[in-house]
Amino acid sequence: MSTILEVKDLKKYFKVGAGTLHAVDGVDFAIEEGKTLGVVGESGCGKSTLGRVILHLLDNTGGRILYKGEDITNVDRKKLSALRKEMQMVFQDPFSSLNPRMTVYQTIAEPMQIAGGYSKAEIEKRVGEMMDTVGLAERFVNSYPHELDGGRRQRIGIARALVLNPKFVVCDEPVSALDVSIQAQVLNLMLDIQEQMGLTYIFITHDLSVVKYISNDILVMYLGQMVEKAPSEELFKNRLHPYTKALISAVPVPDIDHKRDRIRLKGELTSPIDPKPGCRFAARCMYAKPECFARDPEIREVLPGHFVRCHFVDEINGL
């Protein structure tokens, strides 16, 4: 498998009052074609900002983005327009991301109309194909978003993202606003479409049960930084960073006889505005030592394909 996307030391800072908010701060990863990278972490860790920067919905502050080996960090409007056909996004809230004044047909057809070069007949045929692909009945073609339930609205969002036949899709918490039963339907739909169309996903979520189901690799973020990255099965079997251990300990287990060993984090969140040197998780970490507050830890490969940002990962895990 060839690498479709590579991110190197990617940064996104925002000016906030007199300071600078480090929303994404030095993230590195690569995704192979046809695979899914899950990005997890609590609210405010920079997951969604990371996805938006990769797709140029936000400008980056530093670092590089490579798509199919080509540097697309800084591109002109013409090149960006061409990239839009290859790189798309499914947004979190299917209600607020759809125009309430546009029908299902108009919403799905809009990307083709903006891209240009398609006849009316071609657009009608493609919209019909996409509605069929995502499981939307033909009778909804002239319906408006408020007339449909959350699952159908999200199917519209997925169809809109895929109508131009992209190769890479950022999915920003696409099932978090849906009922649990509908979540399973949408996740299975996305997996089926990925296989049919050969798609590559970045799947952003705070739900570790979901990310385990859909991802090949998982990247854990904390206050703008990548703290751990590993293959999905490896991460759940052998989590090494203290923050990842706490996250996975909170995943519900459907077994009343299973004794849960829950890790409860204490301490205050470090401010992401002009952060001081040191590990950003140190104030909440039970293993923290003076060095953790004084020096930034480096991200390093501690096991094959398993990367961790922690000064004492070997000591904590007996490696």
Q: Between the side chain of E228 and the main-chain N/O of L240, is any donor-acceptor distance below 3.5 Å?
A: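 Side chain of E228 to backbone of L240, a donor-acceptor pair under 3.5 Å: yes, one is there.
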Q: To check you understand the geometry: which heavy-atom pair defines the closest contact between P231 and G305, and what is its length?
A: CD-O, 3.5 Å
Q: Side-chain heavy atoms under 4.5 angstrom apart, residues restricted to Ile, Leu, Val, Met, Phe, Trp, Tyr: same cluster for V134 and F91?
A: no
Q: Donor-acceptor pair, distance only, cut-off 3.5 Å: does the side chain of T3 make one with the backbone of I31?
A: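 Checking the backbone N and O of I31 against the side chain of T3, no donor-acceptor pair under 3.5 Å is found.
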Q: Between Y243 and E42, is there a side-chain donor-acceptor contact under 3.5 Å, judged purely by atom types and distance?
A: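 Note: E42 and Y243 side chains meet the donor-acceptor criterion.
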Q: Would K12 pass as a cation-pi partner of F14, given that its NZ or CZ must be under 6.0 Å from the six-membered ring centre and within 45 degrees of the axis?
A: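 Yes - K12 lies over the ring of F14, closer than 6.0 Å to its centre and within 45° of its axis.
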Q: Go through the steps for D71 and T73 under the test side-chain hydrogen bond (donor to acceptor under 3.5 Å, both in side chains), then give the verdict.
A: CA-CA 6 Å; D71 192 331; T73 312; 2.6 Å; yes
Q: Verify whether one side chain among E234 and H306 offers a donor that lies under 3.5 Å from an acceptor in the other.
A: yes
Q: Does a side-chain heavy-atom distance below 4.5 Å link V175 with L187?
A: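 In short, these two side chains touch, coming nearer than 4.5 Å.
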Q: Is a donor on one side and an acceptor on the other found under 3.5 Å between the side chain of N60 and the backbone of K11?
A: no
Q: Are the side chain of T61 and the backbone N or O of Y13 linked by a donor-acceptor pair below 3.5 Å?
A: yes
Q: Which heavy atom in K47 sits nearest to a heavy atom in V39, and how many Å separate them?
A: CD-O, 3.7 Å
Q: With distance as the sole criterion, is a donor-acceptor pair present between the side chains of K79 and N74 under 3.5 Å?
A: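 Side chains of K79 and N74: no pair found under 3.5 Å.
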Q: Does a side-chain heavy-atom distance below 4.5 Å link E32 with I4?
A: no
Q: Hydrophobic cluster membership, with links at side-chain heavy-atom distances under 4.5 Å among I/L/V/M/F/W/Y: are V24 and L66 in one?
A: no
Q: For P174, is there any backbone N or O sitting under 3.5 Å from a side-chain donor or acceptor partner on Q154?
A: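 Flag set: sc Q154 to bb P174 pair under 3.5 Å.
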Q: Do S2 and E33 come within less than 4.5 Å of each other through their side chains, counting heavy atoms only?
A: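 Side chain of S2 against side chain of E33, heavy atoms only: contact under 4.5 Å found.
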Q: Tell me, do R300 and F307 make a side-chain contact under 4.5 Å, heavy atoms counted?
A: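 No, side chains not in contact.
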Q: Does any part of the side chain of M226, heavy atoms only, come nearer than 4.5 Å to the side chain of I299, both counted from C-beta?
A: yes
Q: Establish, from distance only, whether the side-chain atoms of Y201 and Q194 form a donor-acceptor pair under 3.5 Å.
A: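 Q194 and Y201 do not have a side-chain donor-acceptor pair below 3.5 Å.
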Q: Looking at A23 and T49, what are the two nearest heavy atoms and their distance?
A: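 Taking every non-hydrogen atom into account, CB-CG2, 4.1 Å.
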Q: Looking only at the side chains, is there a donor atom on one of D172 and S48 sitting less than 3.5 Å from an acceptor on the other?
A: yes
Q: I'd like to know if the side chain of R160 reaches the main chain of I108, judged simply by a donor and an acceptor atom lying under 3.5 Å from each other, with no hydrogens or angles considered.
A: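 Judged by distance alone, no pair lies under 3.5 Å.
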Q: CE of M87 to CG of L80: how many Å apart, nearest 0.5 Å?
A: 9.5 Å
Q: Checking the side chain of E122 only, and the main-chain atoms of S119 only, is there a donor and an acceptor separated by less than 3.5 Å?
A: yes
Q: Counting only heavy atoms from other residues, nucleotides and ligands, does the tally under 6.0 Å from NZ of K245 exceed 12?
A: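 Counting neighbours around NZ of K245, more than 12 heavy atoms of other residues, nucleotides or ligands fall under 6.0 Å, so yes.
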Q: According to side-chain contact (heavy atoms from CB on, under 4.5 Å), who are the partners of M197, at least two apart in sequence or on a separate chain?
A: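 In terms of side-chain contact (heavy atoms from CB on, under 4.5 Å), with neighbours along the sequence ignored, M197 is linked to R126, L162, N165, I193, L199.
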Q: Looking at R64 and E6, is there a salt bridge between them, counting it only when a charged N and a carboxylate O are closer than 4.0 Å?
A: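 Not counted as a salt bridge, because no side-chain N and carboxylate O are separated by less than 4.0 Å.
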Q: Please check if atom CG in D76 has more than 12 non-hydrogen atoms from other residues, nucleotides or ligands closer than 6.0 Å.
A: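 Correct, the count exceeds 12.
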Q: Quick check: do I54 and I202 have side-chain heavy atoms less than 4.5 Å from each other?
A: yes
Q: Under 6.0 Å from the six-membered ring centre of F312 and within 45° of its axis: does the NZ or CZ of K289 meet both?
A: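 Yes, K289 sits over the ring of F312.
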Q: Look at atom NZ of K125 and say whether more than 12 heavy atoms of other residues, nucleotides or ligands are closer to it than 6.0 Å.
A: no
Q: Could you tell me whether the side chain of T200 and the main chain of G34 form a donor-acceptor pair under 3.5 Å?
A: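 It does hold such a pair.
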Q: Taking the side chain as everything from C-beta on, heavy atoms only, tell me whether R280 gets closer than 4.5 Å to H22.
A: yes
Q: Is it the case that the side chain of E86 and the backbone of A82 share a donor-acceptor pair, with hydrogens and angles ignored and the cut-off at 3.5 Å?
A: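 No, E86 side chain to A82 backbone: no donor-acceptor pair under 3.5 Å.
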Q: Do Q225 and M221 touch side chain to side chain, with heavy atoms closer than 4.5 Å?
A: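 With C-beta onward as the side chain, the pair stays apart.
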Q: Parallel, tilted or perpendicular: which one describes the rings of H241 and F281, with boundaries at 30° and 60°?
A: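 If you compare the ring of H241 with that of F281, the planes turn out tilted.
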Q: Strictly by modelled atom types, are Y222 and R284 linked by a side-chain donor-acceptor pair under 3.5 Å?
A: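 Side-chain D/A pair, Y222 to R284: present.
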